[in-house]
A.B. asks: 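Please find one structure pasted underneath; my questions will follow.
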Protein chains: 2
Amino acid sequence: MPSENHRPTQEDVAREAGVSRAVVSYVINNRSGGKVRISERTRRRVLEVVQRLGYQPNVNARSLRTRRSQLIAVMVPDLTNPFYPLMIRGIQAAVEGSDYHIVVYDSDDSAAHERAFVDMMLRRHVDGVVLVSFHLDVEDVRRLTQAGIQTVGIGGRLRAAGIDTVATRERPAAREIVRYLISRGHRRIAHLAGPQDTPPGQLRIQGYHEALEEAGLRYEEALVRYGTFKPAGVAQLIDSMFAASAPEQRPTAVFAANDLMAIEAIRALGRLGMRVPEDVAVCGFDNIPAAELVTPSLTTIGQDCQRMGRLAGETLLERLGAGARAEPRHVSVPYLLIVRESA
Amino acid sequence: MPSENHRPTQEDVAREAGVSRAVVSYVINNRSGGKVRISERTRRRVLEVVQRLGYQPNVNARSLRTRRSQLIAVMVPDLTNPFYPLMIRGIQAAVEGSDYHIVVYDSDDSAAHERAFVDMMLRRHVDGVVLVSFHLDVEDVRRLTQAGIQTVGIGGRLRAAGIDTVATRERPAAREIVRYLISRGHRRIAHLAGPQDTPPGQLRIQGYHEALEEAGLRYEEALVRYGTFKPAGVAQLIDSMFAASAPEQRPTAVFAANDLMAIEAIRALGRLGMRVPEDVAVCGFDNIPAAELVTPSLTTIGQDCQRMGRLAGETLLERLGAGARAEPRHVSVPYLLIVRESA
DNA sequence: TTGTATGCGTTATCAA
DNA sequence: TTGATAACGCATACAA
């Protein structure tokens, strides 16, 4: 059984210091200003007892009373995708120095988990939320905002929910990288798409589509395969794309919907005896740290996820602070075509 | 200003359903069993109102009352090191299905942050903690355990604190990989060490030391450089090791204290015009996902971090459940020498 | 089967 | 300057 030793409360501190509970509260919250004055002597005595007893305020009780939890929750779809830890770093950097604390929640890209997350945030009475969501809808977000929880979305998906968003313009970015492939002479360009029920998956395939159209190339279903944004399963998709079709029908370039898939594609191609970029060019999306480590290093679209995180954090803090209820703001973070060896 | 709309409480539900607050509480917590019986009709009416109002229990109030928060906190030193997200996945897997929720805290490998984390856990009254700590001491841990917070350490460092631990036996592992280098004929083996105020840093250099000794090789200060477990700065260390010394004095192999450093070392060596593994063999430690993606792929020690996480989570749940206060248990997870191309 | 009353640790109001 | 005291939302022993 947990020893569950009695933890000191303000009551204990007050008794020990020979003052009332209120005084302890004042001292701890530095309320000795406007209406209330605490003598320096009293203040020091209280702090000394706090120290000696190892008193720590109970934030549950506090936030019950104050209706603020000083908590910011961050939901991401996949912590093992290096993209998101970097984003979290950005948020942390923004929040550092404020009174807010961050808790991270990994939804494992599951709709059920995402919805459970909303409930949890409601129950925990967090003050603010940063959402990287693929499954929540406007109604889910309304539940948060209606409860007075400030919400910022990363990715444009939730713009319709009337919240602030920070996003990369993924469609133009996808278009640009496919354009680049075309400019290198590729005509049969395959797309290793992401899940089509997620906006990143949709936007990237749309960009792919647009670039082809611009160049007067035909969009062929046979050149598109649908994956999960994760390495698992990519090998089969590549196999089905290359092993099954006649050599002259094969794509000369593959645009993968993210780096994780692109890297796995390069490996799969290698196993099929194809060289990258000589036989097939490959490019990805995101620019995760591994992108420059692999061989051949990966041509990709750089999203500045750390900056996106920082912007999201800053936006949230603004809302939480002054809280001037202005129009929702949608900021888009520049992307960058990063040409390396793979294409 | 946050619209801060009134959120429904049990009071509201009770009024709406025409019952007392207690009944609502009973229904919500499924207390209709032993001493208390709630009619099915009442139950349904209450649940209907809960649904309609979108009532969510306030966990702060609840845990104030029950003295349980159903919260497990996980502290890791660096979320951007892929090692830790995997570990977290393991913990999540263990906790999935229980009533506990996980919050993740990234200490950025700072002693101050780690200590702040302890305070935070105390204040938030979390029920359990999984600690991957490089800086906390026995006294810090005692503050947690004395407050009745169940604590599990990952890594052997906190064994002395009398808590359960899950660890890889890093010293033998380091010894083994250096032995392997020796078995491949290397005699001048350099070590790109981790910070010496952290146990992983210490244990890995000790293993290195032991392997040399075993083989009758001299330990030379000139062959050791101290880094931070991060890529930054590694290039200079490699430069100083290779550029500065006469060719015949140069190491023929480098054992890096972790994969992140090893990968950066390979890149730095490449810039110096040295080939890996022909001119210099390189090996790492951890087996992060990128280890098999880089070229040459990385020879390293595989730590099963996901399993470590799962074990830590399971251990914690056991303690939280029955809470049978047995002796602290120390389990060590097998490691694996993974030979790839780099050495 | 349901309702009343109490206290969890805080903060905030109001007197003293 | 300080001290009672009333909420905050909930769970539960006990009474009805």
Side-chain angles (χ1 to χ4, degrees), chain A residues 4-46 50 53-70 99 122-125 127 147-148, chain B residues 4 6-46 49-50 53-70 99 122-125 127 147-148:
Chain A
E4 198 55 74
N5 277 342
H6 181 66
R7 302 198 209 179
T9 70
Q10 285 190 356
E11 175 84 49
D12 300 317
V13 175
R15 191 176 337 100
E16 196 78 7
V19 298
S20 78
R21 277 153 49 205
V23 171
V24 177
S25 174
Y26 288 143
V27 169
I28 284 170
N29 297 301
N30 268 318
R31 274 280 175 286
S32 186
K35 316 180 81 170
V36 185
R37 305 208 76 82
I38 304 286
S39 73
E40 185 55 23
R41 229 167 50 89
T42 313
R43 204 180 81 87
R44 269 222 286 279
R45 192 168 66 242
V46 169
V50 162
L53 263 46
Y55 165 79
Q56 296 278 358
N58 179 333
V59 292
N60 292 322
R62 174 180 288 172
S63 68
L64 187 57
R65 183 60 230 235
T66 61
R67 311 174 137 293
R68 316 214 86 213
S69 60
Q70 304 300 95
D99 300 335
L122 255 16
R123 287 141 114 101
R124 297 238 175 254
H125 284 231
D127 294 335
Chain B
E4 199 55 75
H6 181 66
R7 303 197 209 180
T9 70
Q10 285 191 353
E11 176 84 49
D12 300 318
V13 176
R15 191 173 339 98
E16 196 78 6
V19 298
S20 79
R21 277 153 52 206
V23 172
V24 177
S25 175
Y26 289 142
V27 169
I28 283 170
N29 297 301
N30 269 318
R31 273 282 172 284
S32 185
K35 316 181 81 171
V36 186
R37 306 208 74 83
I38 304 285
S39 74
E40 184 56 23
R41 229 167 48 90
T42 311
R43 204 180 81 87
R44 269 222 287 278
R45 192 167 66 242
V46 169
V49 174
V50 163
L53 264 44
Y55 166 78
Q56 296 279 359
N58 179 333
V59 290
N60 293 319
R62 175 181 286 174
S63 69
L64 190 57
R65 180 64 228 246
T66 62
R67 310 175 138 293
R68 317 212 86 214
S69 61
Q70 304 298 96
D99 299 335
L122 255 16
R123 286 139 111 104
R124 295 236 175 257
H125 284 233
D127 294 334

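Residue numbering restarts at 1 for every chain, and letters A, B, ... go by the order of the sequence lines. Keep in mind that what you see is a predicted model, and the values were worked out from it rather than measured.
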A.B. asks: Atom CG of B:L64 to atom C1' of D:dA7: distance rounded to whole Å?
C.D. replies: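 Answer to the nearest Å: 13 Å.
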
A.B. asks: Within less than 4.0 Å of OP1 or OP2 of C:dT2, is there a side-chain N or O belonging to B:T42?
C.D. replies: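 Yes, within the criterion.
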
A.B. asks: When you measure from the side chain of A:R7 to the backbone of B:G148, do you find a donor-acceptor pair of N or O atoms at a distance under 3.5 Å?
C.D. replies: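 Looks like no, no N/O pair under 3.5 Å.
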
A.B. asks: Return the nearest nucleotide to the side chain of A:S39; candidates are C:dT4, C:dT1, D:dT1.
C.D. replies: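 Minimum distance to the A:S39 side chain belongs to D:dT1.
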
A.B. asks: Within this structure, what is the CG-to-P distance between B:L122 and C:dG9, rounded to whole angstrom?
C.D. replies: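 Whole-Å distance recorded here is 14 Å.
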
A.B. asks: Evaluate B:R21 against B:V24 for side chain to side chain contact (heavy atoms under 4.5 Å, CB included), listing each step before the verdict.
C.D. replies: CA-CA 5 Å; B:R21 277 153 52 206; B:V24 177; 5.6 Å; no

A.B. asks: CG of A:D12 versus P of C:dC8: gap in Å, rounded?
C.D. replies: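 From A:D12 CG to C:dC8 P: 11 Å.
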
A.B. asks: Counting only side-chain N and O atoms of B:S20, is one of them less than 4.0 Å from OP1 or OP2 of C:dG3?
C.D. replies: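 Checking C:dG3 against B:S20, a side-chain N or O does come within under 4.0 Å of OP1 or OP2.
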
A.B. asks: Using atom CZ of B:R15 as one end and atom P of C:dG3 as the other, report the distance to the nearest whole Å.
C.D. replies: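 Answer to the nearest Å: 14 Å.
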
A.B. asks: Rounded to the nearest Å, what distance is computed from the CZ atom of residue B:R41 to the P atom of nucleotide C:dT1?
C.D. replies: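 To the nearest whole Å, that distance equals 12 Å.
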
A.B. asks: Taking only the side-chain heavy atoms of A:R67 (C-beta and beyond), determine which of C:dT10, D:dC8, C:dC8 contains the nearest atom.
C.D. replies: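 Looking only at heavy atoms from C-beta outward on A:R67, the closest nucleotide is D:dC8.
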
A.B. asks: To the nearest 0.5 Å, how far apart are CZ in A:R124 and CZ in B:R62?
C.D. replies: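 If I round to the nearest 0.5 Å, the distance is 9.5 Å.
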
A.B. asks: Using the rule given for side chain to side chain contact (heavy atoms under 4.5 Å, CB included), can you reason through B:N58 versus A:L64, listing the C-alpha separation, both sets of side-chain angles and the distance that settles it, and then say yes or no?
C.D. replies: CA-CA 9 Å; B:N58 179 333; A:L64 187 57; 3.9 Å; yes

A.B. asks: Pick base, sugar-phosphate or nothing for B:V19, based on heavy-atom distances below 4.0 Å to the nucleic acid.
C.D. replies: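 Since only primed, P, OP1 and OP2 atoms lie under 4.0 Å of B:V19, the category is sugar-phosphate.
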
A.B. asks: Hey, does B:V27 have a side-chain heavy atom less than 4.5 Å from the side chain of B:T42?
C.D. replies: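 Contact flag for B:T42/B:V27 side chains = no.
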
A.B. asks: Test your reading of the model: is there a side-chain donor-acceptor pair from B:R123 to the backbone of A:V59, 3.5 Å cut-off?
C.D. replies: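 Flag not set: sc B:R123 to bb A:V59 has no pair under 3.5 Å.
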
A.B. asks: Going 5' to 3' along nucleotides 11-16 of chain D, which nucleotides have protein heavy atoms under 4.0 Å from the base (write B), which only from the sugar-phosphate (write S), and which from neither (write -)?
C.D. replies: BBBB--

A.B. asks: Expressed as a whole number of angstroms, how long is the span from A:N60:CG to C:dG7:C1'?
C.D. replies: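 Rounded to the whole Å, the gap is 15 Å.
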
A.B. asks: Across the strands shown, which category fits A:S63 at heavy-atom distances under 4.0 angstrom: base, sugar-phosphate, nothing?
C.D. replies: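 If one applies the 4.0 Å heavy-atom cut-off, A:S63 turns out to touch nothing in the nucleic acid.
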
A.B. asks: Nearest whole angstrom, please: distance from the P of C:dC8 to the CG of B:N58.
C.D. replies: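 Checked: the CG to P distance equals 18 Å.
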
A.B. asks: What does A:E40 touch in the nucleic acid at a heavy-atom separation under 4.0 angstrom: a base, only the sugar-phosphate, or nothing?
C.D. replies: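 If one applies the 4.0 Å heavy-atom cut-off, A:E40 turns out to touch nothing in the nucleic acid.
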
A.B. asks: Can you tell me the distance, in whole Å, between the CZ atom of A:R123 and the P atom of D:dC8?
C.D. replies: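 Result: 21 Å.
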
A.B. asks: With rounding to the nearest 0.5 angstrom, report the NE2 to CD distance, B:H125 to A:Q56.
C.D. replies: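 Between B:H125 NE2 and A:Q56 CD, I get 8.5 Å after rounding to 0.5 Å.
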
A.B. asks: On DNA chain C, compare the nucleotides closest to B:R45 and A:E11; which residue's is nearer the 5' end?
C.D. replies: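 Going by which nucleotide is closer to the 5' end, it is B:R45.
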
